[in-house]
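Down below is the structure, laid out as structure tokens.
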Protein chains: 2
Amino acid sequence: MARGKAPTFELQRAAILAEAAHLFADKGFHNASMAELAQACGVSKPLLYHYYRDKEQILFDIADSYMDRLLEIVAGVEEEGLEPDAHFAALVMRFMEEYEHAQSQHMVLVQDVKFLKQDEAARVRDKQRRVVAAFAEAIVRVEPGVKRRKLDKPVAMILFGMINWTFTWLRADGPLGFRDMAPVVTTIFLNGVKALAHTNEKKTVAAH
Amino acid sequence: MARGKAPTFELQRAAILAEAAHLFADKGFHNASMAELAQACGVSKPLLYHYYRDKEQILFDIADSYMDRLLEIVAGVEEEGLEPDAHFAALVMRFMEEYEHAQSQHMVLVQDVKFLKQDEAARVRDKQRRVVAAFAEAIVRVEPGVKRRKLDKPVAMILFGMINWTFTWLRADGPLGFRDMAPVVTTIFLNGVKALAHTNEKKTVAAH
DNA sequence: CCTACCGATCGGTAGG
DNA sequence: CCTACCGATCGGTAGG
């Protein structure tokens, strides 16, 4: 049997991780101190180094475990075997539901991953690429035209813009919630992409 | 006549501001040092304090002057007196053109404004609100239905997600440029919003 | 698992 | 008496 690690080790580690995600999201990685984190966790600063080698490893664990969660959601929707439109709508809804409960993790992912060393940043970004690829495939199933025009990845990034930007403006105490935005985003995106695919190469509107 | 400030003062100040925008965007506000900034500008560190009271004032000037620029663009498009669809398309195109040349400023705006003191952050955020309001009005002119359903600000934020998220994935050396994305975004958004406005309150797709 | 510390580097300013 | 500007170092605090 495994010796050493106390049964509470993983629980304590997870508690530190959640607290760190809140702190880093709120103050930024470099502006948040290990002393603050220790105080927020109710432990001494040296004890943090019992659970994590250094500050950067906490950052990596936040981003990496969050990407694993998003990949799980992608796989879970895949298993449902839905029709293209419903499959896409389910992806958007599940992501918005996840976002509602992972605002801190997502903000850390977006704004602090660049502070990781190259190999750790690359591991996170590889998982991000797999999520983008899954959405791009789901979009192509709805509208194969975007693939022909090599717009599958760009339109997938446009979709991520629509849903990920919510972190900058959706307030928990506002009239609209994350779940409310899912059908709005799905309607705009699916109708918009279908129109895009049936447009010729010329720009639709001459801006100037 | 004005005494004091040398004619080169404003030029030197602008040069520092541009260099700081690049440095803060690249390394993050708290991870970038005044010593690095001085080196990048080819001046001594104390000289920076001749142009700016402190590090935070540099950050404020980057964000505030950039918001002034965006408000100028909004006003310039307004003056053209275009029809609703063309007016909206022009706003998107002008913003993407500006983004292409202001990537650093925009990244600083998004990720570092939260480090400003409350009153300075509020001044920047007020200008951001004015830009959002202008886009929301332009959208309502195209499709008044979104106003009736109180979705004008949310759909404006969805649009900003589409265009602002480009900073996380569009590469200067990639096959697609900022200008290429403008008609794609315009087509998806206008067709999507028109479809949304003609949809009833029920969700369009039952996700699960 | 705490108190007590370190090497280094931070933002900002002294004298000249 | 102003501005522009340097080498050296300040008090405090970061991660460890």
So, taking the atom named OG1 in B/Thr186 and the one named CG in B/Leu159, what distance separates them when rounded to the nearest 0.5 Å?
8.0 Å
Give a yes or no on whether B/Lys127 atom NZ has more than 12 heavy-atom contacts from other residues, nucleotides or ligands under 6.0 Å away.
yes
Only Watson-Crick and G-U wobble pairs with both distances less than 3.5 Å should count. Give DNA chain D in dot-bracket notation, marking inter-strand partners with |.
.....|.|.||.|.||
In residues 42-62 of chain A, which residues come under 4.0 Å of DNA chain C by heavy atom?
A/Ser44, A/Pro46, A/Leu47
Between B/Met181 and B/Leu176 the two heavy atoms that sit nearest each other are SD-CD1, 4.1 Å
Can a side-chain donor-acceptor contact be found between B/Tyr99 and B/Asn164 if the only test is distance below 3.5 angstrom?
yes
Start with the C-alpha distance between B/Phe9 and B/His50, add both sets of side-chain angles, then the distance that settles ring-ring contact (aromatic ring centres under 6.0 Å, His included), and finish with yes or no.
CA-CA 10 Å; B/Phe9 186 89; B/His50 177 64; 5.6 Å; yes
Counting only heavy atoms not in B/Gln39, do more than 12 fall under 6.0 Å of its CD?
no
Would you jot down, in residue-number order, the residues of residues 17-32 of chain A having a non-hydrogen atom under 4.0 Å from DNA chain C?
none
Going by an N to O cut-off under 4.0 Å, is there a salt bridge joining B/Glu120 and B/Lys114?
no
Output the rounded distance in Å from CZ (B/Phe9) to C1' (D/dC2).
14 Å
Angle class for the B/His106/B/Tyr66 ring planes (parallel below 30°, perpendicular above 60°, tilted otherwise)?
perpendicular
C/dG12 and D/dA8, which share atom name P, separated by this distance in whole Å
22 Å
Side-chain donor-acceptor pair under 3.5 Å between A/Tyr52 and A/Asp61, yes or no?
yes
Could you state the atom-to-atom distance from CG of A/Leu37 to C1' of D/dG16 in whole Å?
14 Å
Could you tell me whether B/His30 atom NE2 has more than 12 heavy atoms of other residues or ligands within 6.0 Å of it?
yes
